K.L.:
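Starting off with a structure, shown below.
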Amino acid sequence: MELSKNFDHQAAESKWYQHWLDKRYFNSKPDSREPYTVVIPPPNVTGVLHMGHCLNNTIQDILVRRARMQGKNACWVPGTDHASIATEAKVVQMLRERGIAKSSLSRDEFLKYAWEWKDKYGGIILQQLKKMGCSLDWDRTTFTMDPDYYQSVINVFIDLYNKGFIYRAKRMINWDVKAKTALSDEEVIRKETLQKLYHLRYAIEGTDKFVTIATVRPETIMGDTAICVHPDDERYKELHGKFAIVPLVNRRIPIITDEYVTMDFGTGALKVTPAHDMNDNQLGQKHNLEVVDILNDDGTLSADAQILVGEDRFAARKKIIPMLEEAGALVKTEDYTSEVGYSERNPDVVVEPKLSLQWWIEMKKIYSPALKAVMEEEIKFFPPKFKNLYRHWMENIKDWCISRQLWWGQQIPAWYTADGSFAVAATQEKAWEELKKTQPDLKMTDIKQDEDCLDTWFSSWLWPFEVFKGYSHPGNEDIKYYYPTNTLVTAPEIIFFWVARMIMAGFEYKQEKPFSEVYFTGIVRDKQGRKMSKQLGNSPDLLALIDQYGADAVRFGIMIASPAGNDLMWDESSNEQGINFIKKFWNALKLVKMWEGRQQKDLDNGKANFAVSWMENRLSQVKQQLDQQFKDFRLSESLKTIYSLIWDDFCSWYLEWVKPGFEQPIDADVYEKTVSFFEELMQILHPYMPFVTEEIYHTLREQKDDLTVKLLETGITPDNKILQTAVLLQEVITSLRDARNKAQLKPKETVKLHILTEQADLYASIETILAKQVNAEAVSYTSTPVNNTITVVVQKDKFFIETTTELDITAQREQLQKDLDYLKGFLLSVEKKLSNEKFVANAKPEVVDVERKKKADAEDKIKVIEESLREFSANGRE
RNA sequence: GGGACGUUAGCUCAGUUGGUUUAGAGCACUACUUUGACAGAGUAGGGGUCACUGGUUCGAGUCCAGUACGUCCCA
């Protein structure tokens with residue numbers, strides 16, 4: 001078969017992915033095998049693939065493919081979440097393009113359009129994951145608004161409400177004034193923003209004195225209900241218990257004290273606006289302050305502001321400054337940079353802290369099993385540093401605002417009567433029956449369901465069990481078999497919003513952890529260390545990258561740069577490293593295929609035996625290393641291990657050792673072994689680079705199976721003696737080549753090699769390889785130095801290279817001298833240690849022994865080199 | 001302001017309970033090598049007072065304290 005010059009990734013990708021699908025390799029059903037279950041962190045249904053997904057899903061695919069090859073029943077469940085805000089924004093945009101205003105639609109009409117959008121554009125990202133080669137069980141694709149899933153979310157709400165864990169209250173939330181909805185904390189993006197810090201003075205009641213505060217939000221002074229100073233602040237002690245007058249509106253507010261105030265920030269006096277600042281609100285609660293809400297839902301000033309009513313908050317800020325100046329209240333203005341929250345979905349919109357009537361979960365009632373499970377490592381975090389972060393958050397847990405003023409999502413199952421009383425129930429009828437108990441005359445049509453829907457995270461926290469219908473159909477075969485799942489791979493950014501809550505839901509509804517391990521990936525950054533984001537435009541087009549470099553090279557590129565648990569600085573050039581790697585072993589494939597037709601039985605005269613048995617041992621050794629690395633989630637490191645095994649051990653050493661001369665035949669057994677090694681190498685690399693490895697596996701020879709499902713076999717127990725001999729052989733080859741190089745011998749020029757050693761029998765097993773690798777026409781053993789040769793010392797053995805070329809002695813001598821200097825320096829440091837009585841007395845005996853051995857070795861080597869140098873001088877004089 | 005994590009070669013990182021050769025890898029760099037799998041290659045080479053300052057110890061990249069810088073989280 002004619003082999004193409006290069007690997008054709010496009011042809012291979014479509015061919016093999018379809019083949020795997022046709023064979024249903026990724027589909028899983030419960031059976032007697034051990035399950036290995038992974039649920040995908042569901043991307044937004046509006047999402048498109050970016051580098052973060054690429055990293056995250058490559059890691060999951062590696063874990064899943066490896067588990068599958070280890071004979072486990074691997075099940076990786078795909079799906080998306082409905083992403084209330086993001087999707088609603090997309091739908092509104094679609095409607096706008098068609099000239100339809102959302103406000104002109106009923107809820108049902110709007111939802112019809114939303115489903116239309118979802119069916120047409122949603123889940124593009126799942127198709128993109130196929131391009132990456134992800135081995136997901138597509139039959140299990142789940143959406144957080146699937147009928148059963150939807151009902152489970154509703155039932156969980158009702159259950160939590162009935163348990164008394166859910167309540168409705170007016171509290172501070174993040175408010176998106178454009179979308180007019182509450183936001184969760186993670187939907188708020190903090191950005192460093194240049195602002196002005198205004199110093200304003202408030203008159204002290206009953207005196208002619210003033211107190212000056214600093215604020216970036218002068219338009220909210222009408223909502224001030226106190227001024228707060230630090231109790232120990234000497235400057236303000238005389239103000240304790242007094243009252244101040246808010247400029248322009250002349251409200252009388254108390255001056256309170258609290259240690260919350262930072263004395264050296266601003267003026268040390270803080271205006272307190274409980275309706276418009278999270279911290280101020282807490283202060284307000286603590287000190288029982290009045291709450292004056294001066295903003296409308298759309299961010300304009302309300303009637304309670306008394307002035308500038310109807311103006312947008314930012315227009316009001318501009319307008320109030322001259323007013324304050326005129327009133328003599330503005331003391332000074334300075335530049336100030338601080339973090340301001342913006343809405344994730346409306347990036348230009350500054351989020352408004354706002355008092356609002358919302359639904360909350362009282363987290364203190366459900367968090368404790370989730371904390372315990374992680375602390376006691378029933379659920380293990382990788383890297384473990386995230387345990388601390390998790391504990392800190394859990395121990396300071398705040399109630400969770402779960403209502404959103406949106407239509408796209410699970411509608412809150414609460415029904416209200418005209419007087420505002422309500423009932424939580426699965427259906428309107430049940431709610432009506434409940435409410436009738438206190439209001440006997442109530443008609444069913446008199447009650448109205450809550451307009452709001454639930455936070456998307458309130459559905460995705462059920463993900464690990466509800467993808468198997470573990471709540472909607474408890475006790476089914478799937479949930480019994482697959483739950484708890486094994487590994488969750490996710491970004492540390494959502495440790496609280498998703499990971500922690502899934503653990504809580506798992507214990508609350510399955511009485512069991514949702515997963516055993518959580519692997520937190522790093523954040524993908526660009527070369528300059530900036531986080532990849534749409535706004536910066538530094539996020540590459542992944543599909544274009546896959547098109548250009550191939551999925552395997554892209555997967556390699558991101559994994560090689562991805563240290564466990566750290567952020568990764570991603571650079572497009574890492575894809576080139578992937579391409580080069582593929583080319584390297586594709587060329588090896590070409591070499592091996594060249595030998596296919598040149599096999600000859602019983603040809604081997606012992607030359608290749610060592611190479612074959614070394615490669616076998618080396619492979620087993622690496623397999624053991626890989627097992628450990630996978631246990632520790634050191635995936636980048638294990639890829640490096642495989643990379644080096646293929647490039648250095650297999651291509652650079654092994655293939656050179658067994659390579660027959662130009663157009664010469666190869667021993668049939670050696671060829672057979674070589675093909676098997678190649679297959680095994682492709683097999684261990686397969687989880688990282690599935691396409692090219694499958695392609696090569698089938699090109700090497702006719703196969704009955706596919707690599708994707710081929711079981712990994714445990715190798716033999718590595719023989720250390722053979723491994724050590726190979727290390728010696730490599731060291732000798734390198735040193736001799738170096739010597740040849742320095743003596744400027746041409747590669748084609750043959751030499752005669754004389755070896756002075758006490759382990760001649762060891763060299764007998766490797767001398768053919770050695771001779772070939774250093775281009776020696778003859779190898780002999782000697783007990784005395786050979787004159788007029790290049791001398792090389794490796795460990796305790798000496799090598800004399802006899803050549804017909806005139807030798808440049810100075811270069812050799814310099815090299816020997818350099819080695820000698822190093823060894824003497826080294827010896828000195830060892831001797832210093834050994835002559836230290838305290839060291840010999842205190843250190844462990846085996847450590848002292850090691851030092852003694854180091855000393856002896858160094859002395860031996862020095863002796864050998866000094867001899868050589870002496871011979872040199874002797875020869876030089878001749 | 002509170003907390004977490006980090007700082008090792010030009011770049012990205014290893015360095016597992018303190019002692020296996022006066023610190024390792026990949027990439028990049030330099031020199032040499034092109035009819036023989038591979039120049040997107042081969043062979044070899046140069047490159048680090050392990051951020052800084054103290055401390056513990058016979059011994060510190062490794063442990064402790066502080067300083068500087070950086071990143072992230074929370075407020």
Side-chain angles (χ1 to χ4, degrees), chain A residues 3 5-6 185 190 260-265 278-279 282 339 383 385-389 391-393 396 398 492-493 495-496 522-523 525 527 529-531 560-571 573-574 576-595 628 632 634 636-637 639-641 643-644 647-648 651-652 655-656 659-664 733-735 737-742 744 746-748 822-830 832-844 846-851 853-855 857-858 861:
Chain A
L3 201 53
K5 184 162 185 293
N6 294 319
D185 289 342
R190 292 168 185 280
Y260 164 76
V261 178
T262 313
M263 284 190 267
D264 50 12
F265 177 79
M278 302 278 181
N279 299 311
Q282 281 175 12
E339 297 215 309
K385 65 179 178 187
F386 288 109
K387 270 172 75 175
N388 273 338
L389 186 66
R391 183 178 62 201
H392 185 259
W393 186 77
N396 297 283
K398 298 199 178 82
E493 301 160 312
I495 181 170
F496 311 132
I523 294 164
R525 299 174 178 281
K527 240 172 154 179
R530 299 175 308 176
K531 205 166 152 176
I560 201 76
S562 178
N566 285 328
D567 291 358
L568 66 128
M569 307 295 166
W570 188 85
D571 180 31
S573 66
S574 63
E576 273 159 35
Q577 203 187 336
I579 288 260
N580 290 347
F581 182 40
I582 290 171
K583 295 224 168 158
K584 182 67 187 179
F585 58 83
W586 189 262
N587 278 318
L589 172 71
K590 285 198 281 190
L591 176 66
V592 172
K593 290 302 278 186
M594 268 170 52
W595 301 339
Q628 191 55 47
D632 299 337
R634 307 173 82 132
S636 183
E637 205 171 303
L639 177 57
K640 282 175 187 156
T641 303
Y643 177 81
S644 164
W647 198 306
D648 302 328
C651 293
S652 297
L655 288 180
E656 293 297 334
K659 187 195 246 177
F662 184 53
E663 293 190 334
Q664 295 294 304
I733 291 169
T734 304
S735 302
R737 278 176 177 168
D738 184 31
R740 286 185 58 124
N741 226 357
K742 289 208 166 96
Q744 295 192 299
K746 292 265 181 297
K748 282 181 189 164
Y822 172 84
L823 281 167
K824 280 187 169 169
F826 174 66
L827 183 63
L828 211 65
S829 76
V830 176
K832 210 167 114 193
K833 231 185 232 185
L834 284 168
S835 63
N836 183 337
E837 280 169 33
K838 285 181 180 169
F839 170 72
V840 180
N842 292 327
K844 278 181 275 182
E846 53 271 31
V847 173
V848 179
D849 283 349
V850 167
E851 293 301 318
K853 190 174 180 306
K854 281 198 229 169
K855 182 175 180 241
D857 284 355
K861 276 193 220 168

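Keep in mind that this is a model prediction, so the values were computed, not measured. Letters A, B, ... are given to chains in the order of the sequence lines, protein chains preceding strands, and every chain is numbered from 1.
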K.L.:
Within this structure, what is the CD1-to-P distance between Ile579(A) and A39(B), rounded to whole angstrom?
P.N.:
16 Å
K.L.:
Let me know the distance between CG of Asp632(A) and C1' of A14(B), rounded to the nearest Å.
P.N.:
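Distance, rounded to whole Å: 14 Å.
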K.L.:
C1' atom, A28(B) versus C11(B): distance in rounded Å?
P.N.:
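My reading of the C1' atoms in A28(B) and C11(B) gives 7 Å.
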K.L.:
For Arg740(A) and U33(B), give me the distance from atom CZ to atom C1', rounded to whole Å.
P.N.:
12 Å
K.L.:
Considering only the P atoms, how many Å lie between G61(B) and A68(B), rounded to the nearest integer?
P.N.:
24 Å
K.L.:
Under 4.0 Å between a side-chain N or O of Arg737(A) and OP1 or OP2 of G45(B)?
P.N.:
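Answer is no, no contact under 4.0 Å.
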K.L.:
Tell me which nucleotide, if any, is Watson-Crick or G-U wobble paired with U67(B) when both distances must be under 3.5 Å.
P.N.:
A51(B)
K.L.:
Could you work out the separation of C50(B) and U22(B) based on their P atoms and round it to a whole Å?
P.N.:
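Result for the P pair: 15 Å, nearest Å.
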K.L.:
Rounded to the nearest angstrom, tell me the gap between atom CG in Asn388(A) and atom P in C5(B).
P.N.:
6 Å
K.L.:
Does OP1 or OP2 of C74(B) have a side-chain N or O of Lys398(A) closer than 4.0 Å?
P.N.:
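Answer is no, no contact under 4.0 Å.
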K.L.:
If I take atom CZ in residue Phe386(A) and atom P in nucleotide C72(B), what distance separates them, rounded to the nearest angstrom?
P.N.:
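To the nearest whole Å, that distance equals 13 Å.
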K.L.:
Counting just side-chain N and O atoms, does Lys854(A) come under 4.0 Å of either OP1 or OP2 of U20(B)?
P.N.:
yes
K.L.:
For Trp595(A) and for Ile733(A), locate the closest nucleotide of RNA chain B by heavy-atom distance; then report the residue assigned to the nucleotide nearer the 5' terminus.
P.N.:
Trp595(A)
K.L.:
Touch check for Ser644(A), heavy atoms < 4.0 angstrom, all strands: base, sugar-phosphate only, or nothing?
P.N.:
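Nothing: the residue Ser644(A), judged by heavy atoms under 4.0 Å, touches no strand.
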K.L.:
Angle class for the Phe585(A)/Phe581(A) ring planes (parallel below 30°, perpendicular above 60°, tilted otherwise)?
P.N.:
perpendicular
K.L.:
Pairing check on G26(B): which nucleotide meets the Watson-Crick or G-U wobble criteria with it, both distances under 3.5 Å?
P.N.:
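Base partner found: C11(B).
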K.L.:
Before you tell me yes or no, could you show the steps for Gln628(A) and Arg634(A) under side chain to side chain contact (heavy atoms under 4.5 Å, CB included), namely the whole-Å CA-CA distance, both residues' side-chain angles and the distance that decides it to 0.1 Å?
P.N.:
CA-CA 9 Å; Gln628(A) 191 55 47; Arg634(A) 307 173 82 132; over 6 Å; no
K.L.:
Could you measure between the two C1' atoms, the one in A51(B) and the one in G42(B), and give it in whole Å?
P.N.:
39 Å
K.L.:
Look at the side-chain N and O atoms of Asn580(A) and state whether any lies under 4.0 Å from the OP1 or OP2 oxygen of A41(B).
P.N.:
yes
K.L.:
Under a 3.5 Å limit for both distances, which nucleotide forms a Watson-Crick or G-U wobble pair with G1(B), could you say?
P.N.:
C74(B)
K.L.:
Can you check whether Ser573(A) has a side-chain N or O nearer than 4.0 Å to OP1 or OP2 of A28(B)?
P.N.:
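Result: no.
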K.L.:
Whom does U17(B) pair with, Watson-Crick or G-U wobble, provided both distances fall under 3.5 Å?
P.N.:
none
K.L.:
Paired with A31(B): which nucleotide, if any, by Watson-Crick or G-U wobble criteria at under 3.5 Å for both distances?
P.N.:
U43(B)
K.L.:
Side chain of Lys838(A): nearest nucleotide among A44(B), A37(B), C58(B)?
P.N.:
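For Lys838(A), the side-chain atoms sit closest to C58(B).
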K.L.:
Quick test of your reading of the model: are Glu637(A) and Lys640(A) salt-bridged, counting only N-O distances below 4.0 Å?
P.N.:
no
K.L.:
Verify the contact: side-chain N or O of Asn836(A) to OP1 or OP2 of C58(B), cut-off strictly under 4.0 Å; return yes or no.
P.N.:
no
K.L.:
Of the nucleotides A75(B), C58(B), C38(B), which has the atom closest to the Asn279(A) side chain?
P.N.:
A75(B)
K.L.:
Would you say Trp647(A) places a side-chain N or O within less than 4.0 Å of OP1 or OP2 belonging to G42(B)?
P.N.:
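Yes, because at least one side-chain N or O of Trp647(A) sits under 4.0 Å from OP1 or OP2 of G42(B).
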K.L.:
Give the nucleotide from the list U20(B), C58(B), G45(B) with an atom nearest to the side chain of Val850(A).
P.N.:
U20(B)
K.L.:
Say you pick atom C1' in U71(B) and the same atom in U62(B); how far apart are they, in whole Å?
P.N.:
23 Å
K.L.:
Taking the same atom, C1', in G47(B) and in A9(B), what whole-Å distance lies between them?
P.N.:
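Approximately 6 Å lies between the C1' atom of G47(B) and that of A9(B).
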K.L.:
Looking only at side-chain N and O atoms, does Lys584(A) come under 4.0 Å of OP1 or OP2 in G42(B)?
P.N.:
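Looking at the OP1 and OP2 atoms of G42(B), one of them is under 4.0 Å from a side-chain N or O of Lys584(A).
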K.L.:
Starting at atom NZ of Lys590(A), determine the distance to atom C1' of G40(B), rounded to an integer number of angstrom.
P.N.:
12 Å
K.L.:
Base of A37(B), side chain of Glu656(A) - is there a donor-acceptor contact under 3.5 Å?
P.N.:
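Yes.
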K.L.:
How is Glu851(A) classified with respect to the nucleic acid when contacts are heavy atoms under 4.0 Å: base, sugar-phosphate, or nothing?
P.N.:
nothing
K.L.:
Give me the distance, rounded to whole Å, that separates G2(B) from G48(B) when you measure between the C1' atoms they each carry.
P.N.:
36 Å
K.L.:
Compare side-chain N and O positions of Tyr643(A) against OP1 and OP2 of A25(B) and report whether any pair is under 4.0 Å apart.
P.N.:
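No, no such contact exists.
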K.L.:
Using whole Å, what does the distance between atom C1' of nucleotide A37(B) and atom CG of Leu589(A) come to?
P.N.:
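Taking atom C1' of A37(B) as the reference, CG of Leu589(A) is at 9 Å.
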K.L.:
Considering every strand shown, what is the Watson-Crick or G-U wobble mate of G59(B) when both distances are under 3.5 Å?
P.N.:
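For G59(B), the partner nucleotide comes out as none, under the 3.5 Å rule.
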K.L.:
What is the distance from CD of Glu576(A) to C1' of A28(B), rounded to the nearest Å?
P.N.:
12 Å
K.L.:
Rounding to the closest angstrom, what is the interatomic distance between A60(B) and C13(B) at atom P?
P.N.:
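Comparing P positions in A60(B) and C13(B) gives a spacing of 28 Å.
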K.L.:
Would you please test Arg737(A) and Ile733(A) for side chain to side chain contact (heavy atoms under 4.5 Å, CB included) and show each step?
P.N.:
CA-CA 6 Å; Arg737(A) 278 176 177 168; Ile733(A) 291 169; 3.6 Å; yes
K.L.:
Using a cut-off of 4.0 Å on non-hydrogen atoms, how would the nucleic acid contact of Asp738(A) be classed: base, sugar-phosphate, or nothing?
P.N.:
sugar-phosphate
K.L.:
Within less than 4.0 Å of OP1 or OP2 of C58(B), is there a side-chain N or O belonging to Lys833(A)?
P.N.:
no
K.L.:
Between C13(B), U21(B), G40(B), spot the one nearest the side chain of Lys640(A), thanks.
P.N.:
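Nearest to the side-chain atoms of Lys640(A), counting from C-beta on, is C13(B).
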K.L.:
Please tell me which of the listed nucleotides, U22(B), G15(B), G19(B), lies nearest to the side chain of Tyr822(A)?
P.N.:
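Minimum distance to the Tyr822(A) side chain belongs to U22(B).
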